[in-house]
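In the text below, chain A, chain B and the rest are named by the order of the sequence lines, each starting its count at 1. Atom set for the values below is all heavy atoms of this structure, side chains included, hydrogens, waters and symmetry mates excluded. All values reported here derive from a predicted model rather than from experimental measurement.
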There are 2 protein chains.
Amino acid sequence: MKLDDTDKKLLAILQEDSKTPIKDIASRLNLTKTPIYERIKRYEQEGIISKYVGVLDPSKLDTVMVVFCSVSLESQKLDALESFDKAVADIPEVVECYLMGGANDFLLKVVVKDLQAYHTFSSGKLAALPNVSQIKSTFVLNEVKRSTVIPIF
Amino acid sequence: MKLDDTDKKLLAILQEDSKTPIKDIASRLNLTKTPIYERIKRYEQEGIISKYVGVLDPSKLDTVMVVFCSVSLESQKLDALESFDKAVADIPEVVECYLMGGANDFLLKVVVKDLQAYHTFSSGKLAALPNVSQIKSTFVLNEVKRSTVIPIF
DNA sequence: CATGAAAAGAACGCAAC
DNA sequence: GTTGCGTTCTTTTCATG
């Protein structure tokens, strides 16, 4: 869909704070409630906004450990990639998963409780998936920035 | 803070869909509105829930390209790391940034419009930051899974 | 797009148990 | 924790210009 200037500003606001009342958004954008309301409904219907979520602060939770791991498969055939896709979707510890260019590896962002939980996950769940040939884990020392905002220019 | 079983279920729901009405949550957890409401307010006050956001579907936006890049600094001294932290926070293309174990590199998730925009960002903004010695870019071919949920066990 | 009115729903506060 | 009530805010719909 084509986004005009108002769309971009509006989506930026909703990505920052989805609880901003429509009337507040309207006054910030020098419009009235009606057009704002209709645009938001359009985003939701078209799936541009896929959902509204609460974002947790991991540092406020007792023990949360974040690990990035790059996973290589034995085969780069499409069906091997797709079966890995599906398997990963059902593993809650895998928060994000991307197929990367270059070596055709997967990059996974994994959230676990502690090092022991990571070991259980890595050797038990992840290595057990079909076609997995190599796993390289790198641990996050510090979360410098984490936002869910997709910048729209 | 210590989280009981109800907290975990409640946080899971809010991470999935923050617009679920309190009365619906209450009935799902076999409780009434009051305790649900009070727990949520506590999460917000203590910062466990840091914010509520709308999540966009990048595939519905014209051109969105995701790149992971690992950035090495010339110095690993604390002030060099911290000044990089601060600089990165103000760059909208950098959606996430982590200090990684091992080689003490930073891992950045970058969202741009297209390859040309990435080049502008990488050579212009990123390489221009103080102390940056090396940048390795890997492009995302396919977004297999992306959630903002922190699994709580 | 603006404006205003009206109805429905949700959040919020309070009191009593 | 529950139940109930009442107020306020927001969302939602609708009609007019």
Which residue in the set A/Glu46, A/Lys41, A/Arg39 passes side chain to side chain contact (heavy atoms under 4.5 Å, CB included) when paired with A/Tyr43?
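Testing A/Tyr43 for a side chain to side chain contact (heavy atoms under 4.5 Å, CB included) against A/Glu46, A/Lys41, A/Arg39 leaves exactly one candidate, A/Arg39.
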
Pairing residues for B/Phe139 by the ring-ring contact (aromatic ring centres under 6.0 Å, His included) criterion, not counting sequence neighbours
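If we apply the ring-ring contact (aromatic ring centres under 6.0 Å, His included) test to B/Phe139, skipping adjacent residues, the hits are B/Tyr118.
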
Would you say the ring centroid of B/Tyr98 lies under 6.0 angstrom from that of A/Phe68?
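B/Tyr98 vs A/Phe68: aromatic centres under 6.0 Å.
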
Using the benzene-type ring in the case of Trp, are the ring centres of B/Tyr52 and A/Tyr52 under 6.0 Å apart?
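Not under 6.0 Å, so no.
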
For residues A/Asp7 and A/Ile152, determine if any side-chain heavy atom of one lies less than 4.5 Å from a side-chain heavy atom of the other.
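Not touching, per the 4.5 Å side-chain cut-off.
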
Would you say A/Lys145 and B/Glu96 make side-chain contact, with heavy atoms under 4.5 Å?
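The answer is no; the side chains never approach within 4.5 Å.
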
What residues from residues 12-28 of chain B pass a heavy-atom cutoff of under 4.0 Å to DNA chain C?
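The stretch gives B/Pro21, B/Ile22, B/Lys23 as the residues lying under 4.0 Å from the strand, ordered by number.
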
Can you list, in residue-number order, the parts of residues 40-55 of chain A that come under 4.0 Å of DNA chain C, counting heavy atoms only?
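Of all residues in residues 40-55 of chain A, none places a heavy atom under 4.0 Å from DNA chain C.
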
State whether B/Lys9 and B/Asp5 are salt-bridged, where the test is any N-O pair (Lys NZ or Arg NE/NH1/NH2 against Asp/Glu carboxylate O) under 4.0 Å.
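Judged by the 4.0 Å cut-off on N to carboxylate O distance, B/Lys9 and B/Asp5 do form a salt bridge.
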
Do NZ/NE/NH1/NH2 and the carboxylate oxygens of A/Lys51 and B/Asp17 come within less than 4.0 Å?
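So A/Lys51 does not pair with B/Asp17 through a salt bridge.
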
Reading DNA chain C 5' to 3', which nucleotide is the first, and which the last, to come under 4.0 Å of any heavy atom in chain B?
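First-to-last contact on DNA chain C, by the 4.0 Å heavy-atom rule, is C/dA10 to C/dG13.
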
Examine D/dT13: is either OP1 or OP2 under 4.0 Å from a nitrogen or oxygen in the side chain of A/Tyr37? Give yes or no.
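Checking A/Tyr37 against D/dT13: at least one side-chain N or O falls below 4.0 Å of OP1 or OP2.
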
Taking all atoms of both residues into account, what is the closest heavy-atom pair of B/Pro35 and B/Leu31, and its distance?
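In this case the closest contact between B/Pro35 and B/Leu31 is CG-CB, 4.4 Å.
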
Interatomic spacing from OH in A/Tyr37 to CD1 in A/Ile22 - rounded to 0.5 Å:
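So the OH of A/Tyr37 and the CD1 of A/Ile22 are separated by 7.0 Å.
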
Greater than 12 external heavy atoms within 6.0 Å of A/Arg42's CZ
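It does: A/Arg42 CZ has more than 12 such atoms within range.
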
Expected string for nucleotides 1-7 of chain D under the B/S/- scheme (protein heavy atoms, under 4.0 Å, primed atoms plus P, OP1, OP2 as sugar-phosphate) is SSB----

Hey, could you give me each pair passing salt bridge (Lys or Arg N to Asp or Glu O under 4.0 Å) that has a residue in residues 111-140 of chain A? Not counting sequence neighbours.
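Non-adjacent pairs meeting salt bridge (Lys or Arg N to Asp or Glu O under 4.0 Å): A/Glu93-A/Lys125.
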
